[in-house]
Engineer: 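Here it is: the structure, laid out below.
If you're wondering where the values come from, they're calculated on a predicted model, not measured in any experiment. Numbering starts at 1 and runs along the sequence shown.
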Amino acid sequence: MAEKVVAMILAGGKGTRLEALTKKIAKPAVSFGAKYRIIDFPLSNCANSGITTVGVLTQYESVLLDQYVGNGEKWGLNGVHSRTAALPPRQTEEGLSWYNGTADAIYANLDFLDACSPEYVLILSGDHIYCTTYNEMINLHISSNAECTIAVYQVPMKEASRFGILKVDEAGSIVEFQEKPKNPTSNLASMGIYVFTYKTLKKALIEDAKNEASSHDFGKDIIPKLLSENKKIMSYVFKGYWKDVGTIASLHEANMDLLLSTKEINLPSLIDKSHIYSEDTKSHPQYIGKKASVRDSIVNQGAVILGDVVRSVISNEVLIEEGAYVADSVLMTGARVGKGAKVINCLIAPDSVVAEKEVYDGSGSEVILIANRKVRIND
């Protein structure tokens with residue numbers, strides 16, 4: 001069945017709430033978990049689902065992301081009977097323009113979808129952390145004769161206003177959809193994962209493109225219109241780990257979740273069982289010095305640790321000098337912590353430096369983002 005499905009990953013978001021981390025790279029290309037990039041998760045999920053055709057819709061600062069995705073080789077999606085295509089905005093007879101909303105991005109690539117001739121289209125966000133296969137959701141969509149199926153997730157009520165919120169009937173059909181309501185009446189949130197019957201999707205997108213009053217967004221426009229037309233829209237309840245890493249705090253929290261192993265959160269086990277594929281940096285093995293200590297942490301290849309590390313996620317090519325102390329922190333590729341420095345509850349951007357004896361203590365406060373990309377220690 002997966003061969004009748006084309007996946008389209010929306011990966012063009014600017015990610016302004018990630019501040020300096022997305023100043024020069026697209027949000028889906030941001031590092032995660034010491035060895036991954038965020039885009040690894042939806043692409044690996046597609047590969048593990050047996051989906052053989054994937055379009056990656058890029059836009060903002062897309063050079064690095066386009067290079068990283070390449071031909072899909074990292075995820076086994078570059079074979080004779082599979083392919084991955086980067087789909088940036090392009091100039092057409094109508095002119096040159098950016099994607100103007102999530103629905104417009106798919107509309108602009110209807111020719112790609114027509115060439116693939118799918119029966120169903122799976123639409124994904126490129127900036128969420130979760131491990132799954134989509135087969136069960138696709139099968140539900142087909143067996144229920146739905147025209148659209150939306151993956152939903154129960155979020156804390158205090159966070160519900162950040163999401164598209166749904167109400168469902170006893171059969172799981174969606175009866176109401178509110179996009180980021182100020183006063184939500186439900187905590188059942190859309191995950192931004194949709195399965196559409198292609199004929200329904202194409203018709204809805206063409207009609208939406210002609211509507212000058214539309215914002216050309218799935219949550220704000222396409223889904224409410226389908227509901228108003230009494231189209232059958234099903235909900236698929238997702239019960240695994242899922243995190244929208246749209247802020248510095250949520251990105252830090254998701255990295256810290258890698259260090260946990262509870263019934264509620266077991267992301268390390270999920271990643272291991274689900275086979276999340278990524279780039280091999282071909283770094284030298286990690287080195288932990290004689291006087292160093294590492295406790296309850298993840299340390300990737302290429303890291304050199306000469307100080308003390310507690311409950312932290314350490315990426316490749318990181319250097320932690322003698323006498324330095326790092327706790328409850330995330331250090332991205334190439335980060336440096338100088339001798340005698342102290343870093344607590346921080347997220348250090350790639351190639352950024354904490355100088356000797358410098359102190360960043362975020363204990364009991366919001367996560368501190370360190371992003372300076374200074375000359376490296378000992379250069």
Side-chain angles (χ1 to χ4, degrees), residues 6-17 22 26-28 39 42 54-62 65-66 85-116 118 120-128 141 146-152 161-166 174 176-182 189-233 244 246:
V6 170
M8 301 287 274
I9 301 178
L10 298 166
K14 192 172 183 180
T16 53
R17 292 179 298 167
T22 50
K27 181 179 173 184
I39 191 72
V54 181
V56 182
L57 285 69
T58 61
Q59 179 161 274
Y60 171 78
E61 289 289 359
S62 62
L65 181 59
D66 287 341
L87 302 171
R90 61 191 188 277
Q91 189 167 8
T92 64
E93 291 181 355
E94 288 76 28
L96 176 65
S97 65
W98 291 105
Y99 293 144
N100 296 309
T102 54
D104 179 66
I106 304 296
Y107 170 76
N109 289 284
L110 284 179
D111 55 348
F112 171 80
L113 288 170
D114 284 339
C116 297
Y120 309 100
V121 176
L122 173 66
I123 298 175
L124 308 170
S125 173
D127 52 13
H128 296 159
H141 176 82
E147 298 190 69
C148 173
T149 299
I150 303 175
V152 298
S161 60
R162 293 175 46 213
F163 300 92
I165 298 299
L166 311 105
I174 296 171
E176 184 179 334
F177 185 95
Q178 298 175 307
E179 180 66 9
K180 298 180 181 180
K182 291 183 178 180
S190 167
M191 296 172 65
I193 299 173
Y194 311 101
V195 177
F196 279 94
T197 299
Y198 183 46
K199 290 180 181 179
T200 300
L201 174 64
K202 184 175 181 178
K203 180 175 182 293
L205 292 176
I206 292 172
E207 291 177 356
D208 180 75
K210 296 175 181 178
N211 182 1
E212 295 182 359
S214 174
S215 58
H216 310 300
D217 183 86
F218 279 102
K220 294 178 182 177
D221 306 288
I222 300 297
I223 303 303
K225 188 170 186 296
L226 291 178
L227 282 173
S228 71
E229 295 171 348
N230 294 317
K231 303 292 186 183
K232 186 171 184 179
I233 304 180
D244 179 352

Engineer: I need the minimum non-hydrogen distance between Asp221 and Ser214, along with the two atoms involved.
Structural biologist: CG-OG, 3.2 Å
Engineer: Could you walk me through whether Val195 and Cys148 satisfy the side chain to side chain contact (heavy atoms under 4.5 Å, CB included) test, starting with their C-alpha distance in whole Å, then the side-chain angles of each, then the deciding distance to 0.1 Å, before giving a yes or no?
Structural biologist: CA-CA 6 Å; Val195 177; Cys148 173; over 6 Å; no
Engineer: Which atoms form the tightest heavy-atom contact between Phe163 and Ala189, and what is the distance?
Structural biologist: CB-CB, 3.6 Å
Engineer: Report the residues that fulfil side-chain hydrogen bond (donor to acceptor under 3.5 Å, both in side chains) with Lys220, sequence neighbours left out, ordered by chain and then residue number.
Structural biologist: none
Engineer: Any side-chain to backbone donor/acceptor pair from Gln59 onto Pro89? Under 3.5 Å, distance only.
Structural biologist: no
Engineer: Can you give me the closest heavy-atom contact between Ala26 and Leu65, atom names plus distance?
Structural biologist: CB-CD2, 4.1 Å
Engineer: Do Val56 and Leu87 have side chains that get closer than 4.5 Å, going by heavy atoms?
Structural biologist: no
Engineer: Are the side chains of Asp114 and Lys202 in contact, using a 4.5 Å heavy-atom criterion?
Structural biologist: yes
Engineer: If I take atom NE2 from residue His128 and atom CE from residue Met191, how far apart are they, to the nearest 0.5 angstrom?
Structural biologist: 8.0 Å
Engineer: Would His216 and Asp208 count as having a side-chain donor-acceptor pair, cut-off 3.5 Å?
Structural biologist: yes
Engineer: With under 30° as parallel and over 60° as perpendicular, where do the rings of Phe218 and Phe196 fit, or are they tilted in between?
Structural biologist: tilted
Engineer: Could you walk me through whether Leu110 and Leu205 satisfy the side chain to side chain contact (heavy atoms under 4.5 Å, CB included) test, starting with their C-alpha distance in whole Å, then the side-chain angles of each, then the deciding distance to 0.1 Å, before giving a yes or no?
Structural biologist: CA-CA 9 Å; Leu110 284 179; Leu205 292 176; 4.0 Å; yes
Engineer: Keeping the roles fixed (side chain from Tyr120, backbone from Ala7), state whether a donor-acceptor pair exists under 3.5 Å.
Structural biologist: no
Engineer: Using side-chain heavy atoms (C-beta onward) and a distance below 4.5 Å, is Glu179 in contact with Ile165?
Structural biologist: no
Engineer: Is the shortest side-chain heavy-atom distance between Ile223 and Ile174 below 4.5 Å?
Structural biologist: no
Engineer: Does a side chain donor of either Tyr107 or Asn100 reach within less than 3.5 Å of an acceptor in the other side chain?
Structural biologist: no
Engineer: State the NZ-OG1 distance between Lys231 and Thr200, to the nearest 0.5 angstrom.
Structural biologist: 6.0 Å
Engineer: Quick one: does Leu57's side chain get under 4.5 Å of Ile106's, heavy atoms only?
Structural biologist: yes
Engineer: Show your working on side chain to side chain contact (heavy atoms under 4.5 Å, CB included) between Ile193 and Val152 and close with a plain yes or no.
Structural biologist: CA-CA 8 Å; Ile193 299 173; Val152 298; over 6 Å; no
Engineer: Tyr99 and Ala108: which non-hydrogen atoms are nearest, and at how many Å?
Structural biologist: CE2-CB, 3.7 Å
Engineer: Walk me through it: do Leu10 and Leu124 pass the test side chain to side chain contact (heavy atoms under 4.5 Å, CB included)?
Structural biologist: CA-CA 6 Å; Leu10 298 166; Leu124 308 170; over 6 Å; no
Engineer: Between Asp127 and Ser125, does any side-chain donor sit less than 3.5 Å from a side-chain acceptor?
Structural biologist: yes
Engineer: Side chains of Tyr194 and Thr149: does their closest heavy-atom pair fall under 4.5 Å?
Structural biologist: no
Engineer: Check each of His141, Glu147, Lys203 against Thr197 using the side-chain hydrogen bond (donor to acceptor under 3.5 Å, both in side chains) test, and report the only one that passes.
Structural biologist: His141
Engineer: Mind listing the closest non-hydrogen atom pair of Pro181 and Ser161 along with its distance?
Structural biologist: O-CB, 3.1 Å
Engineer: Roughly how far, to the nearest 0.5 Å, is CG of Leu166 from CD of Gln178?
Structural biologist: 9.0 Å
Engineer: Between Ala204 and Ile222, what is the shortest heavy-atom contact and its length?
Structural biologist: O-CD1, 4.0 Å
Engineer: Measuring only between side-chain heavy atoms, which start at C-beta, is Val121 closer than 4.5 Å to Leu113?
Structural biologist: yes
Engineer: With a 4.0 Å cut-off, would you call Lys225 and Glu207 a salt bridge?
Structural biologist: yes
Engineer: May I ask you to test the Phe112-Met8 pair for a side-chain heavy-atom distance under 4.5 Å?
Structural biologist: yes
